[in-house]
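Taking it in order: structure first as structure tokens, then the write-up.
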Amino acid sequence: MDLSMLNDNQKLGVTTTEGPVLILAGAGSGKTRVLTYRTAYLIEEKHVEPYNIMAITFTNKAANEMRERINNIVGHGSNAIWVATFHSTCVRILRRYIDRIGYDTSFTIYDTDDSKKLIKEVLNRLNIDPKRYAERMCLNVISSYKNELINPEKALLDVHNKAGDDTVARIYREYQVMLRDNNALDFDDLIMKTVELFSKCPEVLSNYHERFKYIMVDEYQDTNTAQFELIKHLAKRNKNLCVVGDDDQSIYKFRGANIYNILNFENNYPETTVIKLEENYRSTPNILDVANAVIKNNTMRKKKTLRTSKQEGDIVNFIRCDTSYEEADKIASDIDKMARLSIYSYGQSAILYRTNAQSRLIEERLIAETIPYKIIGGTNFYSRKEIKDIVSYLKVVSNPYDDMAITRIINVPKRGIGATTISRISDYAYANNMTFREAMGICDEIGTLSKAASAKVLKFFDYLEKLSEFSKTSLVSELIEKIIEDTEYVENLKSEGTEEARDRIDNIDELVSKVYLYEENARANEEEISLDAFLSEVSLVADIDNLEDENDVVVLMTMHSAKGLEFPNVYIAGMEENLFPSGRSLGSPDEESEIEEERRLCYVAITRAMERLTLLSCAQRFTRGQVSYNAISRFVKEIPQDLLNGNVWEPKPRESDVSTNVSDFYRVKKEPVSAKKYKVKNFGSKINKAPLDYAVGDRVKHMKFGEGEVTLINDGGRDYEVTVDFDTAGRKKMFASFAKLVKI
DNA sequence: CACAGGTCTCTTTTT
DNA sequence: GAGACCTGTG
């Protein structure tokens, strides 16, 4: 096998196939490359069956890419390799064996929303004041319990030993009971229950030992204790475990990531071969210097120095703006300039920020400049109301114990079954130890219900029974089409006639196409088409998974989402104290380590840039409906001035200037484009070239520029480029799918 | 029982 | 500023 394009340490990483291996891979040092070559090497040179190889990645996107790249090297056979994320790995295992630890294999996966609702219900049942024990807090605590593999009994014991407040532990216990009753697992359960399964059923684990002879884990610095134990179980017999990570890029402590998994790997696996990849192939020296200047302020890290042999490149820019509007404007016009000068196309540019909320302003600006973009994250496609509604119907069919799904749709569409009726059934079910659905079936025996109410409930109950019956002989696509038809969901939206309703219909259409796509893939891979499999897939997609790179659009996302990606031209917005580092980390009990985590995040963000990097910061921004004034982020100040183009020590904005202007400024700027109205969805997933209903010479209307006359239409391949002479705004050139011009 | 309108709280980051 | 939650009315 030809390994000539690898450096010495990379080669070592590829060819050291036996025993535990720790690859410490700095940002941009080609670790994905090592992992793919290593896999190919195992197959081609060591004649390992693809079937015996397992690779765990952080996102589905990374998994797919890896599979594709292996295919390119090996030619074929990569399909049999188990490449998946931790969560989807566990789902696959649990769908097979979870009945051995007391669940049904058609379990439902609860997302954060569902978990929150369930907690609410728990607080209700236990008569606990939600003001004193906020749902969010409870969920966080429960999540950390699970990530540390602490079950409710142990949690209670621990608290009692310390004579502390046992409320949250009791909430945890009840929460687990209710999950169990609903035959549901939350995200953390997926890992925890798999570990439990392996501990309790050695014969199951043994099956997997037979199968997984070589195991690789990517982004190892972000694994938590439960994931560590999972891997430990799996690697126990064969010991061929290769983990890749970078302690400087550990940014998921809030999700339970345990940095000691990587720092102490050698202690846990004494015969470990340690390989360091320190040559960076991504960024220019200027960018690397900036990254190193920041990260060197962290104390808890394995020392390493990234080298590069690249040309020096552009100096990193720092821009201090007066307001967040100016910041958005600066970014948009710079991107526009770069594209016009053909230096960086839209698709080569990315905008990163600390919080999702920051995207709105930038988005509005991009729309105004007709720059195509795609936002990653924020509200997940599957958390939209209409999608959750329809998916809940599917969930009810798949898992009849899922009370949460039933109560969600019992009155969607309106069936005249209100909150009172629901809680009466629910109480009855609870008191008589039955599921909500069972109680529905005998609701004429529930004394508290009126005749009229129980008739409506029974009718819905019968419908669900019919639907379940139908599903036994139907494809998922047939089922979903039937549900949409029966419920008249789309019909009802159509009659609303609003733009919002239109959006929702689009989303439902997209959901339906996802079903067909799933079926197509399943057929291609010769897998059985199953509702459960589709639902698992739906529950575990990350937004980033849908990022395709064929489309020439600017990408906006949080720094967390950006991990593992790279872009020639990067903007990091909001380099301000209180925002980045986050106000949460400031003044917290372990401020020191929280800030170090923020600093690692900053390092991750900076090292996404290949050639050009711009940092931005503003003196004032709107947060929570209020203007806040923040100092320049300490991370910027950690960068030596001579590495930056732009003054870090600029005087503060004149309070007198800004504060009097603020309200005016915001009033003027606020009204422009409503982002929602304009929002162009799916730059990525669809071809946007719809036939135009206007032609040269027609009068058209644009949401922002007003009315004008079309003077030129160019077929740009993927989209039409339309030139319009606006009455007031002058001549503008824009892409048809983004401009949304309406003929008048 | 549904819905409109008012009040309150709150925000990191994600599978 | 948004979303969750509560209250009063039809």
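This is a predicted model, so every value here is computed, not measured. Quick note on labels: first sequence line is chain A, next is B, and so on, each numbered from 1.
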**Q.** Residue pairs passing the side-chain hydrogen bond (donor to acceptor under 3.5 Å, both in side chains) test where at least one lies in residues 405-416 of chain A, sequence neighbours excluded
**A.**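 Matches after skipping sequence neighbours: A/Asp389-A/Arg408, A/Tyr393-A/Arg415.
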
Q) So among A/Asn151, A/Thr225, A/Asp186, which one has a side-chain hydrogen bond (donor to acceptor under 3.5 Å, both in side chains) with A/Lys146? A)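 One option only clears the test, and that one is A/Asp186.
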
Q: Determine the contact category for A/Lys120: base if any of its heavy atoms lies under 4.0 Å from a base atom, sugar-phosphate if only primed atoms, P, OP1 or OP2 are that close, otherwise nothing.
A: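 The answer is sugar-phosphate, as A/Lys120 gets under 4.0 Å only of primed atoms, P, OP1 or OP2.
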
Q) Quick one: does A/Asp222's side chain get under 4.5 Å of A/Arg255's, heavy atoms only? A)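 No - every pair of side-chain heavy atoms lies 4.5 Å or more apart.
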
Q | Within-4.5 Å side-chain heavy-atom neighbours: A/Lys61 and A/Leu565 | A |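 With C-beta onward as the side chain, the pair touches.
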
Check the interface with nucleotides 1-3 of chain B: list each N/O to N/O pair with the protein under 3.5 Å, or write none.
{"residue": "B/dC1", "atom": "OP1", "partner": "A/Thr421", "partner atom": "OG1", "Å": "2.0"}
{"residue": "B/dC1", "atom": "OP2", "partner": "A/Thr420", "partner atom": "OG1", "Å": "2.5"}
{"residue": "B/dA2", "atom": "OP1", "partner": "A/Asn411", "partner atom": "ND2", "Å": "2.8"}
{"residue": "B/dC3", "atom": "OP2", "partner": "A/Lys414", "partner atom": "NZ", "Å": "3.3"}

Q: Apply the test side chain to side chain contact (heavy atoms under 4.5 Å, CB included) to residues A/Ile56 and A/Gln227: give CA-CA distance (whole Å), side-chain angles for both, the deciding distance (0.1 Å), then the verdict.
A: CA-CA 11 Å; A/Ile56 306 259; A/Gln227 290 163 335; over 6 Å; no

Taking only nitrogen or oxygen atoms into account, show me every contact under 3.5 Å that the protein makes with nucleotides 13-15 of chain B, one pair per line with its distance.
{"residue": "B/dT13", "atom": "OP1", "partner": "A/Asn356", "partner atom": "N", "Å": "2.9"}
{"residue": "B/dT13", "atom": "OP1", "partner": "A/Asn356", "partner atom": "ND2", "Å": "3.4"}
{"residue": "B/dT13", "atom": "O4'", "partner": "A/Arg354", "partner atom": "NH2", "Å": "3.4"}
{"residue": "B/dT13", "atom": "O2", "partner": "A/Arg354", "partner atom": "NH2", "Å": "2.5"}
{"residue": "B/dT13", "atom": "O2", "partner": "A/His560", "partner atom": "NE2", "Å": "3.4"}
{"residue": "B/dT14", "atom": "OP1", "partner": "A/Thr558", "partner atom": "OG1", "Å": "3.0"}
{"residue": "B/dT14", "atom": "OP1", "partner": "A/Ser561", "partner atom": "OG", "Å": "3.2"}
{"residue": "B/dT14", "atom": "OP2", "partner": "A/Asn356", "partner atom": "ND2", "Å": "3.4"}
{"residue": "B/dT15", "atom": "O2", "partner": "A/His87", "partner atom": "NE2", "Å": "3.2"}

Q) So, do A/Tyr463 and A/Phe461 have ring centers that fall under 6.0 Å from each other? A)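 That pair fails the under 6.0 Å test.
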
Q: Let me know the distance between CE of A/Met137 and P of B/dC10, rounded to the nearest Å.
A: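 Spelled out: CE on A/Met137 to P on B/dC10 is 12 Å.
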
Q) Rounded to the Å, how far apart are A/Arg384 CZ and C/dG3 P? A)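 Rounding to the nearest Å, CZ of A/Arg384 and P of C/dG3 are 12 Å apart.
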
(Q) I'd like the C1' distance from C/dC6 over to B/dT11, given in whole Å. (A)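 It works out to 22 Å between them.
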
Q: Output yes when at least one side-chain N/O atom of A/Lys131 is less than 4.0 Å from OP1 or OP2 of B/dC8, else no.
A: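 For A/Lys131, the contact criterion (side-chain N or O under 4.0 Å from OP1 or OP2 of B/dC8) is not met.
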
Q | A/Phe107 six-ring face occupied by A/Lys193 cation (under 6.0 Å, within 45°) | A |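 A/Lys193 over A/Phe107 ring: no.
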
Would you list the atom pairs, donor with acceptor, under 3.5 Å between side chains in residues 122-129 of chain A and any protein atom, with sequence neighbours excluded?
{"residue": "A/Asp129", "atom": "OD1", "partner": "A/Lys131", "partner atom": "N", "Å": "2.9"}

Sort me out a list of protein N/O and nucleotides 8-10 of chain C N/O pairs below 3.5 Å, or just none if empty.
none

Would you list the atom pairs, donor with acceptor, under 3.5 Å between side chains in residues 109-120 of chain A and any protein atom, with sequence neighbours excluded?
{"residue": "A/Tyr110", "atom": "OH", "partner": "A/Asp402", "partner atom": "OD1", "Å": "2.6"}
{"residue": "A/Asp111", "atom": "OD1", "partner": "A/Asp113", "partner atom": "N", "Å": "3.0"}
{"residue": "A/Asp111", "atom": "OD1", "partner": "A/Asp114", "partner atom": "N", "Å": "2.9"}
{"residue": "A/Asp111", "atom": "OD1", "partner": "A/Lys388", "partner atom": "NZ", "Å": "3.2"}
{"residue": "A/Asp111", "atom": "OD2", "partner": "A/Lys388", "partner atom": "NZ", "Å": "2.9"}
{"residue": "A/Asp114", "atom": "OD1", "partner": "A/Lys388", "partner atom": "NZ", "Å": "3.0"}
{"residue": "A/Asp114", "atom": "OD2", "partner": "A/Asp111", "partner atom": "N", "Å": "3.1"}
{"residue": "A/Ser115", "atom": "OG", "partner": "A/Asp111", "partner atom": "O", "Å": "3.2"}
{"residue": "A/Ser115", "atom": "OG", "partner": "A/Tyr175", "partner atom": "OH", "Å": "3.2"}

Q | Qualifying residue for salt bridge (charged side-chain N to carboxylate O under 4.0 Å, His left out) with A/Arg634, from A/Glu577, A/Glu598, A/Glu576 | A |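 Single pass found, and it is A/Glu577.
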
Q.
If we ignore hydrogens and angles and just use 3.5 Å, is the side chain of A/Asn60 paired with the main-chain N or O of A/Leu540 as donor and acceptor?
A.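 Here the side-chain-to-backbone pair exists.
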
